[in-house]
Amino acid sequence: MEVSIEPWKKLVVHEVIEYGFDDLVRVVLSQSRAAGGGIASMNWCNGMVFQHAPFADTESVVQEKLKGTVHYSSVVFAKKDKFERQIMKENGTLNLVDVSANQIFFQLTEALKNYKGAARQS
């Protein structure tokens, strides 16, 4: 039997929105409350917290994936140099998940650090 490991060739992000860290935490916690509660979580990697929204696996999206291209409809992020497992705020708790071992996420955060066209929300 042959085993073939074929890493993704390209990641395309269609919308990038940068927040201040406290603003992003507020947005994520309010969305979590609106969706019924529970403890919200976000990814942390390479000095950034972020959430990404992949496209649903329609026939055309799957075809792109089979060619090695992944599409995210959007990425929201904020700078957060130091990893902390939990962020406690008056309106809730946010868990951070260290995804540094994921090469795609590491490369994404490197690109975000250098991206100048992000829509900045405050």
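From a predicted model like this one, the values you see are computed outputs, not experimental measurements. The residues of the chain are indexed from 1 along the displayed sequence.
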When you group the ILVMFWY residues by side-chain heavy-atom contacts below 4.5 Å and let the links chain together, are [Y] and [X] in the same group?
X    : Y   : value
I17  : L29 : yes
F106 : V97 : no
V12  : Y72 : no

Inset, instruction - Using the side-chain contact (heavy atoms from CB on, under 4.5 Å) rule, take V28 and M42 through it: C-alpha gap first, then chi angles, then the decisive distance, then the call. - result: CA-CA 8 Å; V28 170; M42 289 191 75; 3.6 Å; yes
Inset, instruction - Could you give me the CA-CA distance, side-chain angles and deciding distance for L24 and F50, then say whether side-chain contact (heavy atoms from CB on, under 4.5 Å) is met? - result: CA-CA 9 Å; L24 183 55; F50 66 96; over 6 Å; no
Inset, instruction - Could you tell me whether the side chain of K113 and the main chain of Y115 form a donor-acceptor pair under 3.5 Å? - result: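 Flag not set: sc K113 to bb Y115 has no pair under 3.5 Å.
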Inset, instruction - Carefully, step by step, assess I104 and V70 under the rule side-chain contact (heavy atoms from CB on, under 4.5 Å). - result: CA-CA 10 Å; I104 293 170; V70 177; 5.6 Å; no
Compile the donor-acceptor pairs under 3.5 Å between side chains in residues 52-59 and protein atoms, sequence neighbours left out, one pair per line.
| from | atom 1 | to | atom 2 | distance (Å) |
| --- | --- | --- | --- | --- |
| D57 | OD1 | K65 | NZ | 2.6 |
| T58 | OG1 | S60 | OG | 3.4 |
| T58 | OG1 | V61 | N | 3.3 |

Enumerate donor-acceptor pairs with a distance under 3.5 Å from any side-chain N or O in residues 86-96 to protein atoms, sequence neighbours excluded.
| from | atom 1 | to | atom 2 | distance (Å) |
| --- | --- | --- | --- | --- |
| Q86 | NE2 | N95 | OD1 | 3.0 |
| K89 | NZ | D22 | OD1 | 3.2 |

Inset, instruction - Compare every heavy atom of C45 with every heavy atom of S100, then report the nearest pair and how far apart it is. - result: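 S100 and C45 have their closest heavy atoms at CA-SG, 3.7 Å.
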Inset, instruction - Establish, from distance only, whether the side-chain atoms of N43 and Q51 form a donor-acceptor pair under 3.5 Å. - result: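 No - no donor-acceptor pair under 3.5 Å links their side chains.
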Legend entry - Summary of ring-ring contact (aromatic ring centres under 6.0 Å, His included) pairs that have at least one residue in residues 79-104, sequence neighbours excluded: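 Residue pairs passing ring-ring contact (aromatic ring centres under 6.0 Å, His included), neighbours aside: W44-F83.
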Inset, instruction - Evaluate the side-chain contact (heavy atoms from CB on, under 4.5 Å) criterion for residues E64 and H71: first the C-alpha distance (whole Å), next the side-chain angles of each, then the deciding distance (0.1 Å), finally the verdict. - result: CA-CA 8 Å; E64 281 285 293; H71 290 265; 2.9 Å; yes
